[in-house]
Amino acid sequence: MKTSAVFSAALSLVALVSPSAAKSTTALLTPPQVFKNTNLVHVISVEKNYVKENVNVLIENISKEPQDEYYLPFTADQVSRLGGVEVKDRKDASAGPFSTQTVELDPESDTLYLRIQLPTPLKAGVQQTLGITYYFLDAYKPLPASIKQDDIQFLAYSFSAYLPSAYATLKQKTEVKFPSSTIPDYTRLPGSGDVKEFPQKQGSKLTYGPFTEQPAGAVEPVQVRFEFNKPVTHISELQRDIEVSHWGGNVAFEERYTLYHHGANLSSLFNRVKWTQANYYNPTTHALKELKFPLRIGSADPYYTDVIGNVSTSRFRSNKREALLEIKPRYPIFGGWKYPFTIGWNSDAKNFVRATASGGYVLNVPFLEGPKQVEGVEYENVRVRVVLPEGAENVKYHTTIPEISITDASVVIHQTFLDTIGRTALIIKARNLVDDFRERELVVSYDLPLAARLRKPLVVFGSALVVFVSTWVLGSLDFSFSSKRK
Amino acid sequence: MSADPLHVLANAGKGQSTRTVLRVIILCLIAAAAIASRLFSVIRFESIIHEFDPWFNFRATKYLVANGFYNFWNWFDDRTWHPLGRVTGGTLYPGLMVTSGAIYHALRTLTIPVDIRNICVLLAPAFSGLTAFAAYLLTNEMTTSSSAGLLAAVFMGITPGYISRSVAGSYDNEAIAIFLLVFTFYLWIKALKQGSMLWGALCALFYGYMVASWGGYAFITCLLPLHAFVLICMGRYSTRLYVSYTTWYALGTLASMQIPFVGFLPVKTSEHMPALGIFGFLQLLGFLDYVRSAIPGRQFQTFLWLFTGGVFSVALAALVVVTSAGIIAPWGGRFYSLWDTSYAKIHIPIIASVSEHQPTAWPAFFFDLNFLIWLFPAGVYLCFQQLADEHVFLVVYSLFGSYFAGVMVRLMLTLTPVVCVTAAVAASSLLDTYLSDKSPNPEEYHPEDSNDATSKKAPKAGLKSTNKPVVGIYGFVSKGVIVSAMTIYLLLFVLHCTWVTSNAYSSPSVVLASKMPDGSQHIIDDYREAYQWLRQNTKEDAKIMSWWDYGYQIGGMADRPTLVDNNTWNNTHIATVGKAMSSSEEVSYPIMRQHEVDYVLVVFGGLLGYSGDDINKFLWMVRIAEGIWPDEVKERDFFTPRGEYRVDGEATETMKNSLMYKMSYYNYNTLFPPGQAQDRVRGSRLPEVGPTLNVLDEAFTSENWIIRIYKVKDLDNLGRDHASAAAFERGQKKKRPAKRRGTRYLRTE
């Protein structure tokens, strides 16, 4: 995170200039030891091309006072790839997602903390079960880093067998879920208790632990290497435009993707003969061949283009039950290759826009509508722009995307299609999202006065009138030097 | 055609204003028809830039829009002609790009978000509507018939001869140049008729625009002086001619010299000398005319004429001397090939290798102009009947245009306007005669005459009648026959135009279409597949070597530097690429290394049966290379002893060893069962063992194998030559030398 990096640089400067100031903050370099992890289950899922980690932890307040801040440590590199953090109370689903924030306590250390704000302070000696879910993007290293076109791709993931925690942990175990049971390499650890050696393998699952008590900050680096013969699709930039037209009764969507394959590179260059034959005999491959976009029912007029024009290899199936857009890139995408493209479609406004009782409007659209792939899709930067009708005011939004993922939201003016004052556009930027959030909503409410709705027809009518009248006036004037005609 | 019933309607409308309204409506409909008939490719495929040259214009337009006019004017493009680069701003006709750029910015200020690509794609159809209007204006200057102009507009709007260069996506200079050509001619006629300096200046203005838009401006530069000269020879010198010509020449030349690419050419090259000569001649004539009006006298007049002739011949001699001394450049190669059609084939293969520079085949005239081609002489004949100054212009233009259209396919375009105008004059004169509903005066009525007037004789009577006040042919039968025959011709013309446009001129050639077994359309998009791959998955400055045909497309779609492109300004550089393609790997590799080539792109149609591929163009590469290195590349070596050009097992060794052959057929045999590899373009079976490539790696082959891209190998790490390194890779170890070297190595240690 850039901002925090700048922040840390500034902090270290301050520390250099005034050592006394640094001294006074030493108390905050690590989180106060006010909690204890009584039991912890860490589930790491590497089934998709991003890592989904789920930490269920039973925490106990061991201090004298009530506490409401729980800290979870990450390295700076991890934080830059961390996304979709959601914290819930496992026992009480109605408590809703807890508010979270990344903070830096020690500017000189590589560790950053995720500060979880408990909605109600935990009283001394009381326990609470937290369910923490987060994702890491770009988490794998292909091993070997370059393979042949028809080879099988293996990925490696490194993590710590103990969950790095700011607090002491009494009992914990780490489960790793794999896409298949082919796991050729994984780090073995000496066992404890009646288990001789960690991890234990059950089908496509590895289990490290249970481990005995570990102090705060304990780590045990391990690495797993597993078969993942699917594309590692990484979208570095998604620009999603949603344009609402009240006059046209239409909501237009356009999405511009910059797509990369972050899997193993080709060790020898692309061979068309092999590709054609491999497709015929064995269709599973680590190359990306197709993307499927299940759109909302009622979507129409899809298009699929890239920078040099229309791409003809797409299909759109639309009926009462589905609206599935299937697109094929111009060429199969192998590791390290890039393919930017654009898709777009229209939909009836009544599917998304509702008038409220107070005279305003509410737009309810999916925040993300990217491809739905078996292997998953990760998004590094997402920019959603909702272009509302000209003159829309009092714009508010609400989204069910984890709030920590949203980096910026602003309202700007966007001029297009004979606008005079321009349309109100809401721009929301988010980072490190994955396709698990496809179903999340974006709700935008706005007011649209009648004057604003009538503005454009009146302006167009008025300008046409001015043109005609001025033509008529100019035509009836006599510009000739001599008046010999009459 | 739509004009006929509307024409009747126009006659029915009594008042002047009704006619004007009808005329405006008809012209708008004609413009709409002209635009609509050019949209086949957009509807059938997509809004895409076509073929080759338009891709450069498109890229230049994008540069102009992105970087502004002054940067465009001074644009040095280092992404073409590597490593030379090209002073693009100074070597192009900016009119087209500036026009689209102006339209783009105008629409942007109205906040209409139009993509620059769509402006470029639709510019040619939009201007064809204007051309139809210009043809209407020009024809109205020629005849008093109210329908001729409208007919000319219709003809101009839909004739395939013009559509061939102005379908949507055909974003080339001709897209706007034909409008400018016709409109300049209209302004010239207007200026000449009125002797008006204003119209002359307007003519010069549009001439300047034309110069900024198309190299074909030389056609105007030669035609207007020729017209003036013919008028003088006919004894029709007048102050009107003097005023209009001198205004046009002085202002027009100044305007044309503002274009960097033209610069001082108007005073330095032979193509522009007639205009200068006539300008000087007119000054003399003006002077003599003044003297003659002051001092009458037969002998003096004769003397003066002799004096004029003397000055003219002295000037001509001086021109010859100056030309031979090299101060004025002699005629360029393309102009020589206009006089001698086999000139280019012998001396400049690069000009001859372009199909549109070939002489026109006779059927092409009918194909492009349909029934206009036989109305054309009739129209010219009608011009002779009146032969005012403007009719002389049509006659001169017809002769000039016909000749050039016969020499070069491409120049059919310059003939088309005059064909449309004259054909419209002829057709309208026919229709005016026979469609007239005036009933004859009873005393003049001779029933026998009208019964005798069969359809054979009828046209003659019709033509004669143009001299006299129109009386019409009285019988309904003869009227009906002629009018219905004409209507059928007009309808057939529309059918023909639609058919030709749809079948011959509406393919983008970047995208190919084929039919699936079930009749649905299947798009073959190999070009863009490969270009997109290059664009996304190679280094930003990876140099691509390909034959020059694909240079503009690579620049436009793949956005990568190229060695040569369709702006064939440096023959030697093209010959270098030709040599690299036609030589063996050992010879080609140093050439490619010296030019920092990263990838080589070839077009191969063997799998699909796509005949426009590089093997079929290969002989031109050989010829062009041979022109520079006659000792190293020989065309004869590519033919079998029996004189056949073959690619199968019988191919010559030179052919089989050439880089182009190897790149085309590398790995191709592995796609087939052993010994079954078939080249579907040339219909030949290929040898069982395919060629081996040592200095290149296959990097990408498109789905239907149309584009094949090879990566040039780096120097070998161990300092071996590529042939032995590749042999080692294949496992063909030469055991003994390896062992000996090993022992020797140990001993020296």
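A, B, ... follow the sequence lines: proteins, then strands. Residue 1 opens every chain.
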With only heavy atoms counted, which part of [X] is less than 4.5 Å from chain A, the side chain, the backbone, both or neither?
X: B/R535; value: side chain
X: B/N667; value: both
X: B/E46; value: side chain

Sidechain-backbone polar pair: B/D716 side chain, B/H722 backbone, donor-acceptor under 3.5 Å: no
Residue, of A/V273, A/T313, A/V311, that accumulates the most heavy atom pairs under 4.5 Å with chain B: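 Greatest number of close heavy-atom pairs with chain B: A/V273.
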Does the pair [X]/[Y] count as a salt bridge with the N-to-O cut at 4.0 Å?
X: A/R256; Y: A/D241; answer: yes
X: B/E529; Y: A/R272; answer: yes
X: A/E326; Y: A/K328; answer: no
X: A/K456; Y: A/D419; answer: yes

Under 4.5 Å from a heavy atom of chain B, the part of A/P340 involved: both
Top contributor to chain A interface from B/M557, B/Q536, B/R528 [non-hydrogen pairs under 4.5 Å]: B/R528
